[in-house]
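This chain uses plain numbering: 1 for the first residue, then up along the sequence. All of these numbers come straight from a predicted model, not from anything done at the bench.
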Amino acid sequence: MSIERINLIGVPVDVCEPENLEAEILELLAKPGTKQIVFLSIWDLLKARRKNDFSECIKNADLILPISKSILKGARFLRKPVPVRYNPFNAVIQVLGILDSHYKSLYLLGSHKKTLMKTEKNVRDTFPGLRIVGRYVGYYPKQDEDDIVQAIFKSQPSLVLVSEGIKDKNCWAYKRRNRFSSSIFLYYKDCFGIFSERIQRIKEKTFDRGHEIFVEIAHNPFKLFLIFPYMRYKIILMWYKLFRK
């Protein structure tokens, strides 16, 4: 078994070494039905503790990769196997590289037309073995959804890469899981913006230090208030440490 699933304060998190990612992706491709890879932040982890669609989406995801350093610290604090932290964009590149080397297919969903077109061009140039079998913009009117779902169902892409402009975000694929046949779905909000060079990537050193939150605060000062859910996370960890086996 290439991955191990742990339970962190009631939320599943996968321990997947980067060298095992290819085998895991190929295993998912071989499985029938809708599959999902989720990038899990500390805020997502706290949200997934509630009983809602997002919680069910996370529990049913096939691969849950942590992107926050706080998740690793929490696992270490509770003496659980410590997951590998993934940089979301680097992980997307790695997944596309795996699909490219095996001549698989891709569907692009999200963002505005100009960004989507530039993303498609850059993906084609970077991954020539990867077939792009369709694309559709985000922020679409509700009446277009059936056409999008049908297009994905008929083209049966290996991966549907979902970016900004999709209202349900990670839950989009989960809520419609019975309407697809065999695709993997992966949501990353900034993906197309970075591919199209509209959004600047967070520097590797900043991410490695776990300081990406300061970049987010610089763009949105209201994110300073995230200190309160973060403190709640610390309290929950202490409670699990003291009172839960």
query = Is the side chain of Y233 donor-acceptor paired with the backbone N or O of S70 at a distance under 3.5 Å, no angle test?
reply = yes
[X] side chain near [Y] side chain, heavy-atom distance below 4.5 Å:
| X | Y | value |
| --- | --- | --- |
| L130 | S105 | no |
| W43 | Y230 | yes |
| V160 | I184 | no |
| L46 | V11 | no |
| Y86 | P18 | yes |
| F185 | W172 | yes |
| L106 | V133 | no |
| I64 | I58 | yes |

Quick one: closest heavy-atom pair of [X] and [Y], and the distance?
| X | Y | answer |
| --- | --- | --- |
| L65 | C16 | CD2-CB, 4.1 Å |
| L40 | P12 | CD2-O, 4.1 Å |
| T119 | F192 | OG1-O, 3.1 Å |
| L161 | C191 | CD2-SG, 3.7 Å |
| Y107 | A151 | OH-CB, 3.9 Å |
| L237 | I9 | CD2-CG2, 3.9 Å |

Check ion pair [X]-[Y] (N to O, under 4.0 angstrom):
| X | Y | value |
| --- | --- | --- |
| K169 | D44 | no |
| E212 | R85 | yes |
| R176 | D168 | yes |
| K51 | E56 | no |
| D14 | R5 | yes |
| E120 | R124 | yes |

Does atom [atom1] of [X] have more than 12 heavy-atom neighbours from other groups under 6.0 Å away?
| X | atom1 | answer |
| --- | --- | --- |
| K113 | NZ | no |
| Q200 | CD | no |
| Y139 | OH | yes |

The single option from F89, Y188, F127 passing ring-ring contact (aromatic ring centres under 6.0 Å, His included) against F195 = F89
request  = Go through the steps to decide whether R198 and T115 satisfy the test side-chain hydrogen bond (donor to acceptor under 3.5 Å, both in side chains), and finish with yes or no.
outcome  = CA-CA 8 Å; R198 180 174 57 81; T115 298; 3.2 Å; yes
inquiry  = For a side-chain contact (heavy atoms from CB on, under 4.5 Å) check, start with the C-alpha distance between S101 and E22, then their side-chain angles and the critical distance, and finish with the verdict.
reply    = CA-CA 10 Å; S101 65; E22 181 168 6; 4.2 Å; yes
query = Are side-chain N/O atoms of E164 and H112 paired as donor and acceptor at under 3.5 Å?
reply = no
key: Polar side chain donor-acceptor pair, N52 to S55, under 3.5 angstrom   = no
task = Please report the C-alpha distance between N90 and E204 in whole Å, then the side-chain angles of each, then the deciding distance to 0.1 Å, and finally whether the side-chain hydrogen bond (donor to acceptor under 3.5 Å, both in side chains) criterion is met.
result = CA-CA 10 Å; N90 290 351; E204 294 288 341; 3.0 Å; yes
task = Under the salt bridge (Lys or Arg N to Asp or Glu O under 4.0 Å) rule, what do D62 and K31 come out as? Steps first, then yes or no, please.
result = CA-CA 10 Å; D62 298 270; K31 287 172 59 178; 2.9 Å; yes
task = Look at the rings of Y140 and Y136 and say which category their plane angle falls in: under 30° parallel, 30 to 60° tilted, over 60° perpendicular.
result = perpendicular
